[in-house]
Amino acid sequence: ESTLYSGKIVNPKELQDFQSEIAMQKRQLNILENKQIELMIANEEIQKDYETVCFNHTKALEESDTNNITIIKEQSILLKEIEKLNSEKKAAEVSLSNQDLFLYNKLRTQRGGLALSLISEGSCSSCGATLTPAQNQAIKSFDQIIFCPSCGRILYTV
């Protein structure tokens, strides 16, 4: 622009070319400034998103730590409960005969860990087989071991 207005160029066509070039450069500068503003706005949005993600990440890590502490406490309680139940199991096994204990363990392995079945409304709670009145009465007497006629588990009542 200084060359254009300095008076050094006297040729009108050359002046017109300079004016056209200045106008084109101003348009390009305007376009570049608009792009720069758009990029600055996008950068601000990305920065906000990044801060939100960082906050959420920190929050998730804190929740994870809290959950891990809770799980460790629950695990400790459950391990103590397992110890207690194992000692009760050993105490109960002492009162059983070797033959009854062998039968119980054999049934547990054959029946997927469940050797006993509760009688509920005159039927086996494991398989649903209906029992005869004589079987129901024999179970209540505790004199002998009664097996479910369908699934073979040892039946008991409360």
Side-chain angles (χ1 to χ4, degrees), residues 1 20-158:
E1 281 185 7
S20 297
E21 188 176 329
I22 289 171
M24 181 183 73
Q25 287 180 354
K26 283 183 179 181
R27 284 191 302 270
Q28 286 179 338
L29 180 63
N30 193 18
I31 290 170
L32 290 174
E33 286 175 345
N34 287 339
K35 284 184 180 181
Q36 184 180 17
I37 290 172
E38 289 174 6
L39 291 173
M40 290 170 66
I41 291 171
N43 186 33
E44 288 176 5
E45 290 174 0
I46 290 171
Q47 186 66 29
K48 287 179 187 176
D49 291 344
Y50 174 75
E51 290 171 3
T52 302
V53 167
C54 286
F55 175 77
N56 289 339
H57 180 257
T58 303
K59 189 176 176 181
L61 285 176
E62 290 171 358
E63 287 178 14
S64 174
D65 290 344
T66 303
N67 289 342
N68 286 342
I69 290 170
T70 303
I71 288 171
I72 289 170
K73 287 178 183 177
E74 288 178 8
Q75 181 184 26
S76 173
I77 291 169
L78 290 173
L79 287 173
K80 288 177 184 175
E81 183 69 21
I82 288 172
E83 279 182 32
K84 177 185 165 196
L85 291 174
N86 280 336
S87 64
E88 289 177 6
K89 178 183 174 185
K90 287 180 183 176
E93 286 176 349
V94 170
S95 66
L96 294 174
S97 70
N98 286 340
Q99 182 181 3
D100 290 343
L101 187 57
F102 174 78
L103 179 64
Y104 171 78
N105 287 327
K106 181 179 172 186
L107 281 173
R108 274 192 68 211
T109 57
Q110 290 176 346
R111 303 292 180 214
L114 263 173
L116 303 175
S117 183
L118 178 66
I119 298 302
S120 175
E121 298 178 10
S123 63
C124 174
S125 62
S126 295
C127 69
T130 305
L131 304 173
T132 65
Q135 289 171 323
N136 279 324
Q137 191 62 34
I139 293 167
K140 291 177 185 176
S141 71
F142 299 110
D143 291 344
Q144 58 184 342
I145 296 177
I146 306 297
F147 297 94
C148 174
S150 178
C151 67
R153 289 184 173 89
I154 299 171
L155 299 173
Y156 72 97
T157 186
V158 182

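In this structure, Arg153 contributes its side chain and Arg111 its backbone to a donor-acceptor pair below 3.5 Å. Formation of a donor-acceptor pair under 3.5 Å by the Thr70 side chain with backbone atoms of Thr66 is found in this model. Of the possible donor and acceptor atoms, none in the side chain of Ser76 sits under 3.5 Å from a partner among the backbone N and O of Ile72. Without hydrogens or angle criteria, Ser125 side chain to Leu118 main chain gives a donor-acceptor distance under 3.5 Å. Formation of a donor-acceptor pair under 3.5 Å by the Asn105 side chain with backbone atoms of Leu101 is found in this model.
Rounding to the nearest 0.5 Å places CD of Gln135 at 10.0 Å from OG1 of Thr130. Between the CD atom in Gln47 and the OG1 atom in Thr52 there is a gap of 10.0 Å [rounded to 0.5 Å]. Rounding to the nearest 0.5 angstrom, the gap separating the CG atom in Leu78 from the CD1 atom in Ile71 is 11.0 Å. Rounding to the nearest 0.5 Å places CD of Gln25 at 11.0 Å from CG of Leu32. Within the model, atoms OG of Ser64 and NE2 of His57 stand 9.5 Å from one another, a figure rounded to the nearest 0.5 Å. Atom CG of Asn30 sits about 10.0 Å away from atom CZ of Arg27, to the nearest 0.5 Å.
Counting non-hydrogen atoms of other residues, nucleotides and ligands closer than 6.0 Å to CD of Glu93 gives a total above 12. Asp65 CG: more than 12 foreign heavy atoms inside a 6.0 Å radius. Around the CD atom of Gln36, the shell of radius 6.0 Å holds no more than 12 heavy atoms that belong to other residues, nucleotides or ligands. Residue-environment remark: CE (Met40) stays at or below the threshold of 12 foreign heavy atoms within 6.0 Å. Counting heavy-atom neighbours within 6.0 Å of Phe102 CZ, excluding the residue itself, gives a total of 12 or less.
The shortest non-hydrogen separation linking Leu107 to Ala115 is CB-CB, 3.7 Å.
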Side chain to side chain contact (heavy atoms under 4.5 Å, CB included), that's the test. Do Phe147 and Ile154 meet it? Break it down for me. CA-CA 5 Å; Phe147 297 94; Ile154 299 171; 3.7 Å; yes
Is there a side chain to side chain contact (heavy atoms under 4.5 Å, CB included) between Leu85 and Glu88 once you walk through the steps? CA-CA 5 Å; Leu85 291 174; Glu88 289 177 6; 3.8 Å; yes
Chi angles and distances behind the side chain to side chain contact (heavy atoms under 4.5 Å, CB included) call for Cys148, Ser126: CA-CA 9 Å; Cys148 174; Ser126 295; over 6 Å; no
For a side chain to side chain contact (heavy atoms under 4.5 Å, CB included) check, start with the C-alpha distance between Gln99 and Leu103, then their side-chain angles and the critical distance, and finish with the verdict. CA-CA 6 Å; Gln99 182 181 3; Leu103 179 64; 5.8 Å; no
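Under the side-chain hydrogen bond (donor to acceptor under 3.5 Å, both in side chains) criterion, Ser87 pairs with no residue, sequence neighbours left out. Taking the side chain to side chain contact (heavy atoms under 4.5 Å, CB included) definition, one finds that Ile41 meets it with Ile37, Glu45, sequence neighbours left out.
Residues Leu131 and Ile146 fail the side-chain proximity criterion, which asks for heavy atoms closer than 4.5 Å.
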